[in-house]
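Throughout, residue positions are numbered sequentially from 1 according to the sequence presented.
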Amino acid sequence: MNILEISAVQAQSVTAGDYLIFDTTNLKRGFAIHHVDGSNNIHISHKGLYIVTFNADVVPVGAGEITIALEVNGVPVNSATFTGVAGIGENIAFAFPVSVLKSCECIDNRVNLKLSVSADATVTNAHIMVNRKEY
């Protein structure tokens with residue numbers, strides 16, 4: 001079993017285009033998923049199908065559309081968007097499968113996951129779980 005569940009319960013102010021930082025590892029089993037507390041990067045080193053689930057409370061600084069996006073190797077692959085009102089929070093949640101192919105000598109298929117925020121916001125109670133589905 002390979003599973004990682006990390007969180008950032010304390011409020012963090014994020015500017016447009018920045019990434020969420022996760023400071024606490026709550027659960028880690030296995031060898032395929034890596035995260036260093038206090039960083040914004042989750043690294044997957046072994047082939048497989050992984051299910052990524054995310055949720056957080058997001059309070060925009062200004063009115064308008066705000067998006068939390070899951071990025072795989074720098075490319076947004078899934079997101080949650082809402083039209084926010086300054087100072088009023090919204091709970092954001094989504095799940096997405098990520099496939100990691102086997103690497104070889106000539107191709108590195110390892111994956112880096114990050115969560116970006118499209119507009120200035122305060123984010124609290126952020127949790128992300130990455131679970132490898134055995135097959």
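A donor-acceptor distance shorter than 3.5 angstrom exists from the side chain of R132 to the backbone of K47, with no hydrogens or angles considered. Side-chain atoms of N73 come within 3.5 Å of backbone N or O of N112 as a donor-acceptor pair. Here the side chain of N131 pairs no donor or acceptor atom with the backbone of I51 at under 3.5 angstrom. Checking side-chain atoms of N2 against main-chain N and O of A32 turns up a donor-acceptor pair under 3.5 Å. In terms of modelled atom types and a separation under 3.5 Å, the side chain of N109 and the main chain of K102 share a donor-acceptor contact.
Grouping the Ile, Leu, Val, Met, Phe, Trp and Tyr side chains by contacts below 4.5 angstrom, directly or via other members, places I3 apart from I6. When hydrophobic clusters are built by joining Ile, Leu, Val, Met, Phe, Trp and Tyr residues whose side-chain heavy atoms come closer than 4.5 Å, directly or via intermediates, F54 is grouped together with F96. Following chains of ILVMFWY side-chain contacts shorter than 4.5 Å, one can reach M129 starting from L27, so the two form part of one hydrophobic cluster. Side-chain heavy atoms closer than 4.5 Å link hydrophobic residues (I, L, V, M, F, W, Y) into clusters, and following such links, possibly through other members, connects V52 to V77. In the hydrophobic clustering of this structure, V72 groups with I44; members are Ile, Leu, Val, Met, Phe, Trp, Tyr whose side-chain heavy atoms approach within less than 4.5 Å, directly or through other members.
Put simply, the side chain of F22 reaches to within 4.5 Å of the side chain of L115, judged on heavy atoms. No side-chain heavy atom of L101 sits less than 4.5 Å from a side-chain heavy atom of I107. Residues L113 and Y50 are not in side-chain contact: their nearest non-hydrogen atoms beyond the backbone lie 4.5 Å or more apart. The shortest distance between side-chain heavy atoms of H35 and V130 does not fall below 4.5 Å. At a threshold of 4.5 Å between non-hydrogen side-chain atoms, the residues S45 and H43 count as touching.
In this structure, A119 and A16 approach most closely via the heavy-atom pair CA-CB, 3.7 Å. Across all non-hydrogen atoms, the minimal contact from A8 to D23 is CA-OD1, 3.5 Å. The two residues V58 and P60 make their nearest non-hydrogen contact at O-CD, 3.7 Å. Counting all heavy atoms, side chain and backbone alike, A95 lies closest to N78 at O-ND2, 3.4 Å.
Under the side-chain hydrogen bond (donor to acceptor under 3.5 Å, both in side chains) criterion, S118 pairs with no residue at all, not counting sequence neighbours.
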Atom pairs and distances, side-chain donor-acceptor, residues 81-94, under 3.5 Å, sequence neighbours left out:
| residue | atom | partner | partner atom | Å |
| --- | --- | --- | --- | --- |
| T81 | OG1 | T67 | OG1 | 2.7 |
| N91 | ND2 | A56 | O | 3.4 |
| N91 | ND2 | D57 | OD1 | 2.9 |

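The one candidate from T24, N26, N55 that meets the side-chain hydrogen bond (donor to acceptor under 3.5 Å, both in side chains) condition with S7 is N26.
The NE2 atom of H34 sits 12.5 Å away from atom OG1 of T25, with the distance rounded to the nearest 0.5 Å. Distance CD/E5 to CD1/I33: 11.5 Å, rounded to 0.5 Å. For the atom pair CD1 of I128 and CG of L70, the computed distance is 6.0 Å after rounding to the nearest 0.5 Å. Remark: D18 CG to K114 NZ distance equals 10.5 Å, nearest 0.5 Å.
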